[in-house]
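Keep in mind it's a predicted model, so treat the numbers as computed, not measured. Only this structure's heavy atoms are used, side chains among them; waters, hydrogens and symmetry mates stay out.
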Amino acid sequence: MSSFPAYPKLKFDGIKESSGQAVLRTPMEDGMVKQTKWRAKTLRERPLIYLLDSAADYASFKAWVDTTLNMGADWFTWTDPASATVKTARLVKGTEGVTYMPVRKVLDRWEAQFRLETYE
């Protein structure tokens, strides 16, 4: 299994985290809603933005996603910045879910935006 590259820098503006659905809710005839835990683990999604400081980093990151991650379909290890623990992760929707945007007109710095999911 591949590891997330060390060179992209996480941008903290806009970082969010959402829990996956672990509870099953069922409406009852009397109007109450029954609720029970139905999963021990869930997929947690995080929208992230990483800064790629050079055109070489941009090309390397694209190659890592396209080749090493099999167009973004494969799992990899990623260090969660909030807990500093290594987690198994993948890109939501593979390469379709990754957006690259130049930071400057000379195209020497790029941002990679994507949703990451971890199984927790």
Side-chain angles (χ1 to χ4, degrees):
M1 180 180 305
S2 178
S3 297
F4 192 81
Y7 51 86
K9 295 181 179 124
L10 180 63
K11 293 183 70 176
F12 283 94
D13 54 329
I15 190 170
K16 299 175 189 172
E17 181 176 316
S18 65
S19 297
Q21 185 178 3
V23 174
L24 180 63
R25 293 175 53 91
T26 308
M28 303 276 96
E29 290 180 4
D30 63 0
M32 294 295 292
V33 176
K34 185 177 179 180
Q35 183 169 287
T36 186
K37 179 180 172 183
W38 70 300
R39 288 187 183 156
K41 292 186 172 185
T42 62
L43 281 175
R44 184 168 299 216
E45 286 193 15
R46 295 167 177 87
L48 300 170
I49 302 171
Y50 276 91
L51 180 63
L52 304 167
D53 270 336
S54 68
D57 286 351
Y58 167 66
S60 294
F61 189 80
K62 282 185 70 172
W64 177 74
V65 171
D66 293 347
T67 307
T68 307
L69 292 186
N70 195 24
M71 300 302 285
D74 294 343
W75 292 90
F76 56 91
T77 57
W78 172 76
T79 303
D80 185 344
S83 64
T85 57
V86 176
K87 298 181 178 182
T88 302
R90 70 178 170 191
L91 301 175
V92 176
K93 296 185 179 182
T95 54
E96 179 186 344
V98 182
T99 303
Y100 299 101
M101 295 178 301
V103 176
R104 300 187 325 184
K105 290 181 181 180
V106 293
L107 305 179
D108 62 343
R109 297 179 78 196
W110 292 77
E111 287 182 351
Q113 291 186 359
F114 51 86
R115 295 184 71 78
L116 192 76
E117 61 185 2
T118 56
Y119 196 57
E120 301 176 21

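Screening Met101, Lys9, Lys11 against Ile49 for a side chain to side chain contact (heavy atoms under 4.5 Å, CB included) leaves a single residue, Lys11.
Put simply, CG on Leu51 and CD on Glu111 are 6.5 Å apart, with the number rounded to the nearest 0.5 Å. With values rounded to the nearest 0.5 angstrom, Arg115 atom CZ is found 4.5 Å from Glu45 atom CD. The OH atom of Tyr7 sits 7.0 Å away from the CG atom of Leu52 when rounded to the nearest 0.5 Å. Taking CG of Asn70 as the start and OG1 of Thr95 as the end, the distance is 9.5 Å to the nearest 0.5 Å. With rounding to the nearest 0.5 angstrom, the CG atom of Leu69 is 10.5 Å from the CE atom of Met1.
A pairwise comparison of heavy atoms in Leu116 and Leu91 identifies CD1-CD2, 4.1 Å as the closest pair.
Legend: side-chain hydrogen bond (donor to acceptor under 3.5 Å, both in side chains) pairs involving residues 82-92, not counting sequence neighbours, sorted by first then second residue: Asp80-Lys87, Ser83-Thr85, Lys87-Glu120, Arg90-Glu117.
By the 6.0 Å contact criterion, CE on Met32 is open, its count of non-hydrogen atoms from other residues, nucleotides or ligands being 12 or less.
Met71 and Tyr100 fall into different hydrophobic clusters, where Ile, Leu, Val, Met, Phe, Trp and Tyr are joined by side-chain heavy atoms under 4.5 Å apart, directly or via other members. Side-chain heavy atoms closer than 4.5 Å link hydrophobic residues (I, L, V, M, F, W, Y) into clusters, and following such links, possibly through other members, connects Val65 to Leu10.
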Start with the C-alpha distance between Arg46 and Thr118, add both sets of side-chain angles, then the distance that settles side-chain contact (heavy atoms from CB on, under 4.5 Å), and finish with yes or no.
CA-CA 8 Å; Arg46 295 167 177 87; Thr118 56; 2.8 Å; yes
Test ring pair (Phe, Tyr, Trp, His ring centres under 6.0 Å) on Trp64 and Phe76; report intermediate values, then the result.
CA-CA 11 Å; Trp64 177 74; Phe76 56 91; 5.1 Å; yes
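Of the possible polar contacts, none joining the Tyr58 side chain to the Pro102 backbone as a donor-acceptor pair under 3.5 Å is found.
Within the 4.5 Å cutoff, no side-chain heavy atoms of Phe61 are placed close to those of Asp57.
Not counting sequence neighbours, Trp110 has no partner by the side chain to side chain donor-acceptor pair (under 3.5 Å) test.
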